[in-house]
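Working notes, beginning with the structure itself.
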Amino acid sequence: MLNFTDVTEFILLGLTSRKELQVLFFIIFLVVYIVTMVGNIGMMILIKISPQLSSPMYFFLSHLSFVDVWFSSNVTPKMLENLLSKTKTISYAGCLVQCFFFIALVHVEIFILAVMAFDRYMAIGKALLYGSKMSRVVCIRLISFPYIYGFLTSLAATLWTYGLYFCGKTEINHFYYADPPLIKMACAGTFVKEYTMIILAGINFTYSLSVVIISYLFILIAILRMRSAEGRRKAFSTCGSHLTAVGIFYGTLIFMYLRRPTEESVEQGKMVAVFYTTVIPMLNPMIYSLRNKDVKEAMEKVISRKFLTK
């Protein structure tokens with residue numbers, strides 16, 4: 001048996017072995033990756049230069065876009081390379097780096113979504129105190145927690161990979177390093193890795209999702225108490241984008257990581273992983289821009305200032 005530290009490289013089996021589909025997937029995911037980069041970096045720049053997007057909500061949204069840029073960049077370039085490569089390998093060091101950043105960024109994103117839900121509660125439920133309670137210092141402290149906790153959790157989860165043993169087989173049935181197919185491939189030492197993955201995912205998803213659900217319960221109560229129909233409409237509008245992003249992201253991750261790895265779950269998870277590693281980072285800027293009046297107005301002002309005034 002080979003210990004994980006004895007392995008020099010892994011073979012990523014990818015999405016398909018059919019050559020014609022590999023070329024098609026390369027074109028599709030290259031376009032998706034470019035759109036993702038342009039959308040998220042554009043969102044960060046727009047928030048930075050637009051005075052009307054200076055509220056805490058957009059501060060947190062800029063960090064969500066920042067995480068989405070790195071989340072997609074951690075997986076997509078290697079996937080694109082392997083789609084056109086004959087070897088389709090990932091080095092041992094590359095595997096650990098991808099593992100570390102993937103787990104870290106997933107945890108950072110779920111807790112940023114939780115912080116954004118809390119921010120919406122403060123803005124709607126505690127509107128008179130919002131400016132004083134959600135000061136710049138408070139926002140920095142709130143956004144620091146997901147980064148610190150996410151990277152510490154990832155460090156521990158990545159170190160547990162050293163307990164895995166492989167019986168000469170180093171083919172990962174996935175297009176990036178992922179825990180479920182790696183656990184399924186290993187022939188010994190999987191107990192700690194498998195159950196810590198499920199327990200960590202369960203605790204962190206449950207805790208962060210609880211913050212989201214509780215925040216929105218209080219938001220709903222606050223909205224129902226509003227006398228103005230226009231106020232209710234505006235409140236629902238500002239929450240709709242965030243709820244859409246939360247539903248898509250949590251749904252796919254729960255489907256992927258809260259099940260024991262089997263041949264069937266690994267194959268299903270590979271299809272789901274395409275969605276949350278490439279499609280969701282692309283969709284987030286669209287969700288928040290198309291459904292948000294302030295973002296659309298800021299975009300129109302920037303475009304008119306840069307192009308129409310010349």
Side-chain angles (χ1 to χ4, degrees), residues 55-68 71 102-127 129-130 133-134 138-157 179-180 194-226 235-260 265 269 272-273 275-277 280-281 283-284 287-288 291:
S55 68
M57 172 183 173
Y58 300 107
F59 172 74
F60 298 132
L61 179 56
S62 67
H63 280 272
L64 182 66
S65 292
F66 175 78
V67 171
D68 278 338
F71 189 57
F102 179 84
I103 296 172
L105 293 169
V106 165
H107 283 88
V108 172
E109 181 141 351
I110 63 173
F111 282 104
I112 286 179
L113 290 171
V115 168
M116 291 175 74
F118 175 74
D119 171 69
R120 289 299 80 209
Y121 160 67
M122 292 298 294
I124 296 171
K126 305 287 183 179
L129 301 174
Y130 183 64
K133 294 293 184 180
M134 296 296 289
V138 172
C139 289
I140 291 172
R141 288 175 181 173
L142 284 172
I143 204 63
S144 297
F145 172 77
Y147 287 103
I148 295 170
Y149 181 77
F151 278 89
L152 289 177
T153 301
S154 178
L155 180 62
D179 281 344
E194 179 179 341
Y195 283 95
T196 50
M197 178 192 76
I198 295 172
I199 292 169
L200 267 180
I203 291 173
N204 290 319
F205 291 171
T206 301
Y207 177 70
S208 58
L209 191 57
S210 296
V211 173
V212 173
I213 292 171
I214 292 171
S215 296
Y216 274 102
L217 284 175
F218 282 111
I219 288 171
L220 182 61
I221 293 171
I223 291 174
L224 293 176
R225 288 176 178 172
M226 291 180 180
F236 278 121
S237 176
T238 57
C239 294
S241 302
H242 182 253
L243 281 173
T244 303
V246 167
I248 295 173
F249 193 71
Y250 276 88
T252 53
L253 286 177
I254 289 171
F255 183 85
M256 180 80 174
Y257 286 98
L258 292 185
R259 301 185 300 167
R260 293 192 63 184
S265 69
V272 173
F275 196 72
Y276 70 73
T277 57
I280 290 178
L283 289 178
N284 277 342
I287 291 170
Y288 284 99
R291 296 177 61 92

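Here the straight-line distance linking atom CD1 of Ile143 with atom CZ of Phe66 works out to 10.5 Å at 0.5 Å rounding. Taken from CD1 in Ile199 to CD1 in Ile203, the straight-line distance is 6.5 Å, to the nearest 0.5 Å. To the nearest 0.5 Å, atom CD1 of residue Ile248 and atom CG of residue Leu243 are 11.0 Å apart. Within the model, atoms CG of Leu283 and CG of Asp68 stand 10.0 Å from one another, a figure rounded to the nearest 0.5 Å. Distance check, rounded to the nearest 0.5 Å: OG of Ser55 to CZ of Phe60 gives 9.5 Å. Atom NE2 of residue His107 and atom OH of residue Tyr149 lie 6.0 Å apart, to the nearest 0.5 angstrom.
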Item to check | Steps toward side-chain contact (heavy atoms from CB on, under 4.5 Å) verdict (Leu209, Phe205) | outcome: CA-CA 6 Å; Leu209 191 57; Phe205 291 171; 5.7 Å; no
Checklist entry - Could you walk me through whether Asn284 and Glu109 pass the side-chain contact (heavy atoms from CB on, under 4.5 Å) check? => result CA-CA 12 Å; Asn284 277 342; Glu109 181 141 351; 3.6 Å; yes
Checklist entry - What do the steps show when you test Leu129 against Met134 for side-chain contact (heavy atoms from CB on, under 4.5 Å), and what is the final call? => result CA-CA 8 Å; Leu129 301 174; Met134 296 296 289; over 6 Å; no
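The 12-atom threshold is not exceeded at CZ of Phe218, counting heavy atoms of other residues, nucleotides or ligands nearer than 6.0 Å. Heavy-atom neighbours of Phe145 CZ from other residues, nucleotides or ligands within 6.0 Å: above the threshold of 12.
Closest heavy-atom contact between Leu64 and Tyr288: CD2-CE1, 3.8 Å. Listed here is the closest heavy atom pair of Gly150 and Val108: CA-CG2, 4.3 Å. What you find for Val212 and Ala114 is that their closest heavy atoms are CG2-CA, 3.8 Å. For the residue pair Ala117 and Ile219, the shortest heavy atom distance occurs at O-CD1, 4.1 Å.
Phe59 meets the ring pair (Phe, Tyr, Trp, His ring centres under 6.0 Å) test with His63; sequence neighbours excluded. Take Phe118 and apply the ring pair (Phe, Tyr, Trp, His ring centres under 6.0 Å) test, not counting sequence neighbours, and it matches no residue. Taking the ring pair (Phe, Tyr, Trp, His ring centres under 6.0 Å) definition, one finds that His242 meets it with Tyr216, sequence neighbours left out. By the ring pair (Phe, Tyr, Trp, His ring centres under 6.0 Å) test, Phe151 is found to be paired with Phe100, residues two or more places apart in sequence or in another chain being considered. Here Ile148 pairs with Ser144, Leu152 under the side chain to side chain contact (heavy atoms under 4.5 Å, CB included) rule; sequence neighbours left out.
Between the side chains of Ser208 and Tyr250, at least one donor-acceptor pair of N or O atoms lies under 3.5 Å.
No close placement of the Tyr147 and Phe111 rings is indicated, their centers lying 6.0 Å or farther apart.
Within the structure, every pair that satisfies the side chain to side chain donor-acceptor pair (under 3.5 Å) test and touches residues 110-122, not counting sequence neighbours, is listed here: Asp119-Tyr130.
Side-chain contact check for Ile221 versus Leu224: every heavy-atom pair is 4.5 Å or farther apart.
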